[in-house]
Participant: 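I have a structure here, written as structure tokens, and I will follow up with some questions on it.
Naming: A, B, ... by sequence-line order, numbering from 1 per chain.
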Amino acid sequence: MATRAQPGPLSQAGSAGVAAVATVGVASGPGPGRPGPLQDETLGVASVPSQWRAVQGIRGETKSCQTASIATANASAQARNHVDAQVQTEAPVPVSVQPPSQYDIPRLAAFLRRVEAVVIRELNKNWQSHAFDGFEVNWTEQQQMVSCLYTLGYPPAQAQGLHVTSISWNSTGSVVACAYGRLDHGDWSTLKSFVCAWNLDRRDLRPQQPSAVVEVPSAVLCLAFHPTQPSHVAGGLYSGEVLVWDLSRLEDPLLWRTGLTDDTHTDPVSQVVWLPEPGHSHRFQVLSVATDGKVLLWQGIGAGQLQLTEGFALVMQQLPRSTKLKKHPHGETEVGATAVAFSSFDPRLFILGTEGGFPLKCSLAAGEAALTRMPSSVPLRAPAQFTFSPHGGPIYSVSCSPFHRNLFLSAGTDGHVHLYSMLQAPPLTSLQLSLKYLFAVRWSPVRPLVFAAASGKGDVQLFDLQKSSQKPTVLIKQTQDESPVYCLEFNSQQTQLLAAGDAQGTVKVWQLSTEFTEQGPREAEDLDCLAAEVAT
Amino acid sequence: MTDVEETLKRIQSHKGVIGTMVVNAEGIPIRTTLDNSTTVQYAGLLHHLTMKAKSTVRDIDPQNDLTFLRIRSKKHEIMVAPDKEYLLIVIQNPCE
């Protein structure tokens, strides 16, 4: 019998399904439709999908990776070499080269024989030559007018109504210092005052703000800068003390003080001057003069104390009788000294201006003891050697000429300036500059015939004796309301500058015209002629 | 010795002469009529200036040489007579 296969479900390729199941027609016994046992039958197709990877196909995904870019940077390091160096300025060593005594004499003689004729010929030609008559060269820009460069003031001092009592330029010529005080108080005062300094070479110079200010418990009446140390300044107070400050130390500027001992002045100090120590030319002492008649020489020793090394006292009876003085001495009257000036030619010779109006020629080497009962640790000597004819009133200022050893000027309350020669008592000339007091007179450091005077009418007068001996060449009005000008100083390093201080508390720095700063060809000779007019 | 002295005295006593000095080839003053510090200053400065003047003249014309140097200033005239070994410096105040 034939069996019929029932078609089984066919499976599709790729499915994970189960393979088709073949249905097996169960052979049944003979009967109607059922095949009998042991008979062949065909069954459906059974298929099994292949599991092989090659048939299934390659399954892939795309992935990528990328390294980030490398960041680079350049840096360098360098080890530095440090070297320490220091700079120190030293005080100049005085030159002392001796010409050698051993040299070849015959060769020197031969040389001189060779050149003598030539030199003599040139000397003769020069003596007769007029080639350079009237030939002048201008090296610097000509300044025609006198102009005010700076107007300096310290407002707290001006608010107290203080006057500028003294001015000083320092050794380099770049700093000007002024002292504040009052010149018209007749009695003791406990007025606080100031010493102010302005550095004119600084670019940020503010006229109302000094670069250094020192507060002083008493009025300062005179000021002097150290001749070689640019920041040391000495001042004399109303109380008679002498102080030395160092303006470069702002927190504690006081270097030395005399203190109030038996040695100090009992009257206000009129002037202080720095003097080189005899024997040590680079160390300096301070000399102070006051109206109590004493001239004292102080030396700074350790611990900030100024010690008296030498002293002089002026007593009326001991004054040389070179001129007739109106006052007759009774007892040991002191002669008040109001101004001092040292000669530039003889370091031991000085001129004192007195309250009595007569200048005195004095010497540090005087040996005679002074007849005074003032207590002192050092014996006081009488310094006066010569008395000159008096002014009509007290002298406020004296100045020795830097160009001639015998000439000096004195100015006082009578409004006159006297030009004295040290060889005779009456003055060579007497000029009336003002109807009011004259407070200061100074020779110019560059022109032998020029001097400046400060008057009580508020002007500074510049005199050129070459041009006119009667009236001032230039009159500079310093104050508008005619309040007096109390002090003036020439700047010896920058010779065109002149500083003047007045009663309103301002310091004005004037720039002088070129005619006052350049020496003419024959001035020294003219000065000699002037000095030679000594009455015989 | 007297020869040297006489010559120098003759020059010094001429009209208007302020000072005379002889300087050797290194710039050290040998004889002088002025004071020490002034002499040293003049000697050093004028020695340099004379060397400079001599080299200027020689640079312009190598066949030429410096024979005399005169400096005129406001106040006086300085004359320098140069030589191989010495310099004679005379300072004169001219008449005007």
Participant: Report the distance from atom CG of L108(A) to atom OG1 of T7(B), rounding to the nearest 0.5 Å.
Facilitator: 9.0 Å
Participant: At a heavy-atom distance under 4.5 Å, which candidate from V118(A), L112(A), V115(A) has the highest pair count against chain B?
Facilitator: L112(A)
Participant: What residues of residues 9-18 of chain B make heavy-atom contacts with chain A at a cutoff under 4.5 angstrom?
Facilitator: R10(B), I11(B), H14(B), K15(B), G16(B), V17(B)
Participant: Can you tell if the side chain of L88(B) reaches within under 4.5 Å of the side chain of E116(A), non-hydrogen atoms only?
Facilitator: no
Participant: Between I89(B) and chain A, with a heavy-atom cut-off of 4.5 Å, which part of the residue counts as in contact: side chain, backbone, both or neither?
Facilitator: neither
Participant: Would you check if E122(A) and V90(B) make a side-chain contact, meaning some heavy-atom pair closer than 4.5 Å?
Facilitator: no
Participant: With rounding to the nearest 0.5 angstrom, report the CG to CZ distance, D83(B) to R107(A).
Facilitator: 10.0 Å
Participant: Determine the option with the most heavy-atom pairs under 4.5 angstrom with chain A, choosing from H76(B), R70(B), K84(B).
Facilitator: R70(B)
Participant: Quick check: are there more than 12 heavy atoms from other residues, nucleotides or ligands sitting under 6.0 Å from CD of Q41(B)?
Facilitator: no
Participant: How far apart are the closest heavy atoms of N93(B) and W127(A), and which atoms are they?
Facilitator: O-CZ3, 3.4 Å
Participant: With the side chain counted from C-beta on, respond yes when V119(A) and M79(B) share a heavy-atom pair under 4.5 Å apart, and no when they do not.
Facilitator: no
Participant: Which residue pairs satisfy the side chain to side chain donor-acceptor pair (under 3.5 Å) criterion with at least one member in residues 46-60 of chain B, sequence neighbours excluded?
Facilitator: K54(B)-D65(B)
